[in-house]
Amino acid sequence: MLIAAPSGGRGGVAETKSALAGLRDDPDALFAPGEEPRVLSMGGGVKIPRSGRRQAPVSVDMGNRIEALLGSGRFDIVHVHDPFVPGFSSNALRHSFSLNVGTFHETEERPFATQFARPLLEIFFGRLDARTASSRTSARLLNRYFPGSYEITHPGIDPVEPAQSEVPPLKIAFSEREEPGALRLFLRALRRLPPDLEWTATVYADEPGAVQLRVARQIRDRIKVIGPDQASLSELLSHSNVFVAASNGPRPDQAAVRQAIASGAVPVTTTIGRYVELVGDGQRGLLFPAGDPVTLAGQIQRLGEDGRLRERLRSACGKFEIETWPEVADRFESTYERLVARRHDPAGNEALRKKLRDRPLIDVDLHMHTDHSSDCATPVKVLIETARDRGFGAIAITDHNEVSGAREAAKVAEEMDDFKIIVAEEVKTGEQGEVIGLFLKEKIPKGLTMDETIAEIKRQGGLVYVPHPFDRLHSVPDYENLLDMVEDIDLMEVFNPRVAISSFNEEAERFARKYNIIPAAGSDSHVAQGLGAVRNRLHDFDGPEEFLEAMREAEITRRHKNLVYVQALKFIQTTGRPKAAKREVEAPRAVKGGRRKARGPKQGRGSKRAAGKS
């Protein structure tokens with residue numbers, strides 16, 4: 001395990017820079033078996049000149065260090081915390097090529113994040129493979145703007161045996177980890193307690209010397225401030241009768257309330273959702289409206305004067321199920337193991353690949369269309385001749401919701417010993433986008449669910465190929481659907497030249513890499529002139545099993561093709577004029593508009609190859 005945090009002085013940052021430099025030679029250099037988790041100080045933000053107090057979320061240097069760490073290091077899991085606003089965690093998601101887990105703690109509604117920065121955050125949220133929230137309130141808020149599956153993982157507690165005494169005075173505890181206004185409200189409530197009530201209060205602070213108590217002397221003499229050097233928060237709470245949580249929402253301390261419940265200190269909290277979720281409506285503690293010191297004082301007085309009420313609430317707290325930190329760690333470890341288990345085995349069939357290496361290399365395009373698709377006017381024979389002219393040894397014809405074009409092409413290819421056709425279909429599912437089946441025998445009807453479509457591809461002995469998976473301009477599965485089907489994906493299209501925004505291809509490459517899915521590419525050509533924009537160079541194959549193993553070692557090469565030019569040709573040939581009938585071309589010729597490749601000796605092995613034979 002490695003911990004990277006936005007903190008540390010110059011010495012810590014200098015040590016981090018030195019450690020990151022070693023990753024160039026050894027991606028695992030930061031890990032040592034049996035050692036405690038290493039902590040890397042990534043540096044702090046940059047002071048904003050106007051006030052000198054606020055800091056930019058991430059400095060340029062810190063961003064570069066995050067990129068170096070996640071780009072050069074080798075990680076199975078990257079776990080980020082609160083990537084709700086642009087900052088350290090969202091920067092980590094930007095550069096991560098690993099499986100990502102996001103935990104959302106005391107998330108509050110932020111207009112900037114939910115309105116202005118929402119499109120950017122949706123991209124980063126789309127890289128999360130598991131999402132956890134520390135409260136149901138946070139999960140509900142996140143689901144409103146960023147729908148998904150959020151597992152509730154409450155903060156843990158330090159196990160401690162309750163040791164409260166019923167002998168006066170009433171012992172009241174408060175945690176200074178809430179926002180400053182909460183402490184001021186607590187002090188105002190203490191001033192309103194009746195003079196005859198015996199009580200003492202203890203404020204727990206990480207830096208006791210920084211806490212200022214602006215109250216009259218007779219009140220201040222009853223209050224003391226302690227820190228970690230005197231006792232832990234759990235030890236304080238185990239000897240306290242009451243714990244007050246007065247946050248108005250900006251910085252609640254749910255962990256302290258949970259620790260109070262486990263330690264036997266009756267909680268008195270504001271009515272914000274994160275606290276009500278824990279104490280209930282009077283079942284395990286008392287409530288008061290946020291910002292109301294009068295009601296807070298009244299609730300403390302009730303507990304001070306009614307021992308049976310304290311005992312009833314303390315008994316209810318003892319029945320509330322709370323996990324310790326080791327149990328929470330076990331739950332996260334289970335999440336990690338579940339994610340890692342979903343990655344594909346990268347080993348494959350080495351013996352078969354060794355056999356295939358003796359065969360010649362051929363170029364293959366895995367995604368193209370003929371006039372059997374409603375949005376394409378290229379005759380089958382013209383497509384084949386153009387592909388041969390461009391130097392391809394095989395192509396997959398993936399017409400929309402149809403295999404008739406691929407079957408016709410397969411019959412034509414039976415007369416050739418230097419070219420083969422993969423019978424395929426780009427199937428439109430009911431609501432979950434498109435998926436391609438390679439090496440099919442029959443047409444798959446459109447409108448099925450994704451699960452049904454994949455099952456039919458597998459039934460026919462085919463391969464599942466996901467085209468342009470992150471292109472928002474196409475009908476594609478969303479990230480949640482991709483996660484649902486990740487074990488069934490055989491190949492993922494990591495490059496499609498018709499994708500208008502290059503980052504969509506990059507997202508596909510990122511997804512394939514972290515799940516060990518075999519990468520592939522296709523021109524998605526709807527006009528013959530688009531052939532040659534991308535090639536998969538692999539060893540010759542027969543059938544889906546050999547093809548899949550050959551693709552593990554394939555080289556993807558790209559050539560710039562003017563997208564506007566290709567799309568304009570598609571418009572002219574299809575949308576720009578009525579759809580022509582499927583044409584039988586007597587003397588097909590390769591189209592112009594692409595790079596002609598010299599035709600050398602035939603690379604076949606001397607036998608004719610039928611369409612999609614296995």
Side-chain angles (χ1 to χ4, degrees), residues 362-376 378-388 390 392-429 434-446 448 452-467 488-493 518 520-526 528 531 535-536 538 540-551 554 582 584-585 588 604 607-614:
I362 61 172
D363 288 349
V364 182
D365 190 326
L366 294 175
H367 188 176
M368 56 182 53
H369 299 267
T370 71
D371 56 3
H372 291 248
S373 287
S374 60
D375 58 351
C376 179
T378 305
V380 168
K381 291 183 179 179
V382 172
L383 183 65
I384 290 175
E385 286 305 312
T386 304
R388 296 180 69 203
R390 301 289 188 269
F392 284 92
I395 59 173
I397 293 183
T398 58
D399 286 319
H400 295 293
N401 310 305
E402 188 56 74
V403 295
S404 57
R407 284 177 169 173
E408 180 183 328
K411 291 180 181 179
V412 175
E414 286 180 353
E415 306 302 322
M416 306 171 183
D417 62 1
D418 64 343
F419 193 75
K420 67 175 70 173
I421 295 293
I422 298 173
V423 176
E425 178 186 355
E426 188 169 10
V427 187
K428 179 74 173 292
T429 64
E434 296 172 325
V435 64
I436 289 176
L438 301 175
F439 296 93
L440 297 182
K441 300 178 177 66
E442 306 168 6
K443 174 182 173 179
I444 299 175
K446 69 176 181 179
L448 302 177
E452 291 169 338
T453 304
I454 289 175
E456 180 59 21
I457 293 172
K458 298 292 187 181
R459 186 191 69 80
Q460 295 187 33
L463 301 176
V464 176
Y465 175 93
V466 179
D488 296 315
I489 300 173
D490 295 302
L491 303 109
M492 176 165 283
E493 191 171 78
I518 299 173
S523 66
D524 197 3
S525 174
H526 286 67
L531 282 169
R535 298 168 184 267
N536 301 273
L538 59 150
D540 203 354
F541 60 89
D542 276 327
E545 183 181 6
E546 290 189 357
F547 168 78
L548 197 61
E549 289 305 316
M551 281 298 298
K582 298 175 181 62
E584 176 66 27
V585 181
S607 60
K608 296 179 180 179
R609 289 170 287 202
K613 273 193 176 179
S614 58

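We number each residue from 1, following the sequence as shown. None of these values were measured; they are calculated from a predicted model.
Taking every heavy atom of both residues into account, D399 and S373 meet most closely at OD1-OG, 2.8 Å. Taking all atoms of both residues into account, the shortest heavy-atom contact from L531 to A387 is CD1-N, 3.7 Å. Smallest separation of non-hydrogen atoms from A424 and I436: CB-CG2, 4.4 Å. Between L366 and M551, the closest heavy-atom pair is CD1-CE, 4.2 Å. Between L438 and A396, the shortest heavy-atom distance links the atoms CD2-CB, 4.0 Å. Closest approach of I362 and A394 over heavy atoms only: CD1-CB, 4.3 Å.
Not counting sequence neighbours, the partners of E442 by the side-chain contact (heavy atoms from CB on, under 4.5 Å) test are R407, E456, R459, Q460. Applying the side-chain contact (heavy atoms from CB on, under 4.5 Å) rule to A550 yields the partners L356, L538; only residues at least two apart in sequence or on another chain are considered. Listed by chain and number, the residues in a side-chain contact (heavy atoms from CB on, under 4.5 Å) with V412 are K381, I384, M416 (sequence neighbours excluded). For S523, the side-chain hydrogen bond (donor to acceptor under 3.5 Å, both in side chains) partners at least two apart in sequence or on another chain are D365. For Y465, there are no ring pair (Phe, Tyr, Trp, His ring centres under 6.0 Å) partners two or more places apart in sequence or in a different chain. With sequence neighbours left out, N536 forms a side-chain hydrogen bond (donor to acceptor under 3.5 Å, both in side chains) with no residue at all. Contacts of K458 classified as salt bridge (charged side-chain N to carboxylate O under 4.0 Å, His left out), with partners at least two apart in sequence or in another chain: D490.
Taken to the nearest 0.5 Å, the CD1 atom of I489 stands 12.0 Å off from the CD1 atom of I518. For the atom pair OG1 (T398) and CD1 (I422), the distance works out to 10.5 Å, reported to the nearest 0.5 Å. Distance check, rounded to the nearest 0.5 Å: CE of M368 to CD1 of I397 gives 7.5 Å. In this structure, H369 NE2 and H400 NE2 are separated by 4.0 Å, a value rounded to the nearest 0.5 Å. Taking CG of D371 as the reference point, atom CD of E408 lies at 7.5 Å (rounded to 0.5 Å). Rounded to the nearest 0.5 angstrom, L491 CG and H367 NE2 are separated by 13.5 Å.
A side-chain donor-acceptor contact under 3.5 Å links N401 to the backbone of K428. Between the side chain of E425 and the backbone N or O of I444 there is at least one donor-acceptor pair closer than 3.5 Å. Formation of a donor-acceptor pair under 3.5 Å by the E402 side chain with backbone atoms of S404 is found in this model.
A donor-acceptor pair shorter than 3.5 Å can be found between the side chains of D375 and H526.
The side chain to side chain contact (heavy atoms under 4.5 Å, CB included) test with K420 singles out one residue from D542, V364, I395, and that residue is D542.
Side-chain contact between L440 and I457 is present, with heavy atoms from C-beta onward closer than 4.5 Å.
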Working for salt bridge (charged side-chain N to carboxylate O under 4.0 Å, His left out), residues D363 and R390: CA-CA 9 Å; D363 288 349; R390 301 289 188 269; over 6 Å; no

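Between F541 and F547, the angle of the ring planes goes over 60°, which puts this pair in the perpendicular group of the 30/60° scheme.
Salt bridge present: R388 and E385 bring a charged side-chain N and a carboxylate O closer than 4.0 Å.
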